[in-house]
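Scroll down for the structure; my scribbles are underneath it.
It should be emphasised that the depicted structure is a prediction, and the values quoted were computed from it without experimental measurement. Lettering of chains follows the sequences in order, A, B, ..., and the numbering in each one begins at 1.
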Amino acid sequence: MLSLQSRAFRGTFVVQHFWSLFVENVRVRFAPSPTGFFHIGNAKTALYNWLIARHCGGTFILRLEDTDVERSKEEYAEVLFDCLTWLGLDWDEGPAFKHIPEKGDYGPYRQSQRMHLYRREAQRLLDEGKAYKCFCTKEELDAERERAAAEKRPPRYSGVCKKLTPDQIHAKGNAPYVIRFRVPDGVTVIDDIIQGTVRTENKEFDDFVIIKPNGDPIFHLAVVVDDGLMKITHVVRGDDHLTNTTRHVMLFEALGYQAPQFAHMPLVHDEKGQKYSKRMHGANVLDWRNDGYLPETLINYLALLGWTPEDGTELLTRDDLVKKFSLDRAGASASRFDLKKVQWLNGQHIRMLGVEDLRDRLIPRLQAAGLDTTAKSTEWLTRMTAICQEKIKTLNEIVTYTDFFFSEPAEYEEKAVRKHWMAPDALKCMDEALDAMEQVPEWTAAALRAAYETLVERTGNSLGHYVHPTRLALTGKSVGPGLFELAELLGKETSLARMRRAIEFIGRACAPLGTTPEGQS
RNA sequence: GGCCCCGUCGUCUAACCCGGUCAGGACACAGGCCUUUCACGCCUGGAAUACGGGUUCAAAUCCCGUCGGGGUCACCA
């Protein structure tokens, strides 16, 4: 049931089980930096980690990478909290937010509160000779890099400070220094669950900085110390970190931690196949919420971006995903976001919702559009929802589907007017329809339908001949919910009034072609 | 530029590990059906193994090269 074995072994049942014996409590983490922006790629990373944890009965850890104090603000953490909550990705361990206390035994879960740990571990590396102090100034290093670029050499740190003797170091006094990791000789191998085996010569890396002059850690150190101390078993993140991972593996070894399994998933690209830039609409998870997409949809779609369940089904609930998700079926190639498919998926998920649930999600959208829903009963709103559930693709679409319930149509759709009300017998048609309406014994969709069908039988016209002009009169539009259902909800009085108003409008503005030269006034 | 990753219909993907179906599905597109519009649903159709070699009776699948895309080489994360 655990499916976290390497891609190289995928499908081998024996290994799958063998592996599951070892990884009993899977611990995965999502470690964003709070920058005030929850990127769609962040969402995918969070989702995959969450799915793994929930699928395996493991632990999902939220950790804030806020070592860059200047860029990290508390309100940004709130955005993060909001987005994760909206998506329904709950965490088992993580930092305190406003109303939520810190959870977990491996805290603190903000890197800014773990500085002492990074410094302690860096000191240990220093003591063990696995790291050294470097006194080179930024200017010197920049110059060195420029020279390398000019000579078309890869930019590497020359390693001058590597050879400093204790006396020389002592002589530097209080000069500022960074701590560099001493990259060992040899080859580092990553057995990546998604990417397969990646082997890199250590000499491809120069001795990278792990502690800044002010004593703060560099990302690489912080991540490894955290993942090591927090006993992370699987690191699942974007493949932009693949190269970094070689550094991390070296650090894991140097620090004497058990290295986790790695899985580097492809990045999500925009519809043009480019990296999602922050400016682009849709890059921000909140864009999708604002546009009326369900979190269920986003979760489903994001999961499908680079993964398919064994049975090939694509419409999946949260529970389906948890049940079926496995990293060994995750692909390695980058994928682009397809708006059309998200829309389709959203329509499917809207249809799967309970009608009350959908109603409650719709009401805020109506209110946001300035429509007063408070005048309507809950029962009425439920019925309104029911007649639209099959139609809408996004929550926001409810506004154009139902605004006429809340206010008199401000105008009639021009194209529809030309098509239905300019005909020579438009007035006659509307009169007949109004008459039929007035005759219905009770104001129900069924009775209205029956009345129209009787009318059709009597006149020999098609049902559409009467339905379309009526719809235009009641809603001002040519598209919307089923006519009889909408009329029932609209009420007899309002419906009849709108019919009369339309007939008056036709008489005034829609004189049939040929009667007046211009055809309109 | 060095190193690393990726490359199947327009898009997401299945089949690749372990070579053998007319390369399957979904979205989108086109046509049709249903229908009071829209939507839903159903049917039909067009649509892909980046290129070039090699191995083999047989290659999307294994190997090499080319090209294309991406990542990474910070006192950012």
Whole angstrom value for the distance that separates P of B:C3 from CG of A:Asp240: 21 Å
Strand partner of B:U55, provided both Watson-Crick or wobble distances fall under 3.5 Å: none
Interatomic distance at C1', B:C17 relative to B:C62, whole Å: 11 Å
Nucleotide nearest A:Thr243 when distance is taken to its side chain, options B:U36, B:C75, B:G71: B:G71
Option from A:Leu358, A:Leu345, A:Leu362 for which side chain to side chain contact (heavy atoms under 4.5 Å, CB included) with A:Ile350 holds: A:Leu358
Residue pairs passing the salt bridge (Lys or Arg N to Asp or Glu O under 4.0 Å) test where at least one lies in residues 465-479 of chain A, sequence neighbours excluded: A:Asp403-A:Lys477
Residues in ring pair (Phe, Tyr, Trp, His ring centres under 6.0 Å) contact with A:Trp288, at least two apart in sequence or another chain: A:Tyr293, A:Phe337
Residue list, side chain to side chain contact (heavy atoms under 4.5 Å, CB included) with A:Arg498, at least two apart or on another chain: A:Phe404, A:Glu408, A:Pro409, A:Leu474, A:Leu490, A:Thr494
P-based separation of B:A39 from B:G31 [nearest Å]: 14 Å
Sugar-phosphate, base or nothing in reach of A:Glu453, heavy atoms under 4.0 Å: nothing
Sugar-phosphate, base or nothing in reach of A:Leu483, heavy atoms under 4.0 Å: base
Out of B:A39, B:A77, B:U36, whichever nucleotide has its closest atom nearest the side chain of A:Glu485: B:U36
Sugar-phosphate only, base, or nothing, as touched by A:Phe484 at under 4.0 Å among non-hydrogen atoms: base
Base-pairing assignment for B:C27 (Watson-Crick or G-U wobble, both under 3.5 Å): B:G10
Nucleotide paired to B:C22 in any strand shown, Watson-Crick or G-U, under 3.5 Å: none
Distance, P atom - from B:G70 to B:U8, rounded to whole angstrom: 15 Å
Atom CG of A:Asn214 with >12 non-hydrogen neighbours under 6.0 angstrom: yes
Nucleotide paired to B:C3 in any strand shown, Watson-Crick or G-U, under 3.5 Å: B:G71
Every protein N/O within reach of nucleotides 23-29 of chain B N/O, cut-off under 3.5 Å:
| unit_1 | atom_1 | unit_2 | atom_2 | d |
| --- | --- | --- | --- | --- |
| B:G25 | N2 | A:Glu314 | OE2 | 3.2 |
| B:A26 | O4' | A:Glu314 | OE1 | 3.3 |
| B:A26 | O2' | A:Glu314 | OE1 | 2.5 |
| B:A26 | O2' | A:Lys341 | NZ | 3.4 |
| B:A26 | N3 | A:Lys341 | NZ | 3.1 |
| B:C27 | O2' | A:Lys341 | N | 3.3 |

Sugar-phosphate, base or nothing in reach of A:Asn244, heavy atoms under 4.0 Å: base
Whole-Å C1' distance, B:C6 and B:A60: 16 Å
Any donor-acceptor N/O pair, A:Asp435 side chain to A:Asp431 backbone, under 3.5 Å: no
Minimum-distance nucleotide (side-chain atoms of A:Gln195 versus B:C6, B:A77, B:C40): B:C6
Centroid-centroid distance, A:Tyr48 to A:Phe325, less than 6.0 Å: yes
Touch class at under 4.0 angstrom, heavy-atom based, for A:Arg237 against every strand present: nothing
Separation of B:A74 P from A:Glu140 CD (nearest whole Å): 16 Å
Sugar-phosphate only, base, or nothing, as touched by A:Gly238 at under 4.0 Å among non-hydrogen atoms: nothing
Ionic contact status for A:Asp357 with A:Arg361, cut-off 4.0 Å: yes
Rounded distance in Å - NZ (A:Lys44) to C1' (B:C12): 11 Å
B:A39 phosphate, OP1 or OP2, under 4.0 Å from A:Gln343 side-chain N/O: no
Sugar-phosphate only, base, or nothing, as touched by A:Thr137 at under 4.0 Å among non-hydrogen atoms: base
base_contact_polar (B:U37 base, A:Lys391 side chain, donor-acceptor, <3.5 Å): yes
Any donor-acceptor N/O pair under 3.5 Å between B:U36 base and A:Arg471 side chain: yes
Phosphate-side-chain proximity, A:Arg329 and B:A15, N/O vs OP1/OP2 below 4.0 Å: yes
RNA chain B: 5'-proximal contact among A:Arg449 and A:Ile211 (nearest heavy atom): A:Arg449
Base-pairing assignment for B:G41 (Watson-Crick or G-U wobble, both under 3.5 Å): B:C33
Residue-phosphate contact under 4.0 Å: A:Lys212 side-chain N/O, B:C76 OP1/OP2: yes
Nearest-angstrom distance from the residue atom NE2 of A:His220 to P of B:A74: 9 Å
Ring pair (Phe, Tyr, Trp, His ring centres under 6.0 Å) partners for A:Tyr177, two or more places apart: A:Phe135
Pairwise C1' distance, B:G68 and B:A74 [rounded to whole Å]: 29 Å
Geometric class of the A:Phe37/A:His39 ring pair [parallel <30°, tilted 30-60°, perpendicular >60°]: tilted
Spacing of the P atoms in B:G10 and B:U35 (rounded, Å): 36 Å
Nucleotide B:C75, atom C1' - distance to CZ of A:Arg180 in whole Å: 8 Å
Between B:A58 and B:G19 - P atom distance, rounded Å: 15 Å
Sugar-phosphate only, base, or nothing, as touched by A:His241 at under 4.0 Å among non-hydrogen atoms: base
With A:Phe252 via ring pair (Phe, Tyr, Trp, His ring centres under 6.0 Å) - residues at least two apart: none
Spacing of the C1' atoms in B:C33 and B:A59 (rounded, Å): 42 Å
Proximity to the side chain of A:Val178 - top-ranked nucleotide from B:C4, B:C75, B:C40: B:C75
Separation of B:A15 P from A:Glu310 CD (nearest whole Å): 9 Å
Separation of atom CZ in A:Phe219 from atom C1' in B:C73, rounded to whole Å: 14 Å
First of A:Leu267 and A:Val209 reached from the 5' end of RNA chain B, by closest nucleotide: A:Leu267
Sugar-phosphate, base or nothing in reach of A:Ile218, heavy atoms under 4.0 Å: sugar-phosphate
Whole-Å distance separating the OH atom of A:Tyr401 from the P atom of B:C40: 9 Å
Watson-Crick or G-U counterpart of B:U49, or none if no pair lies under 3.5 Å: none
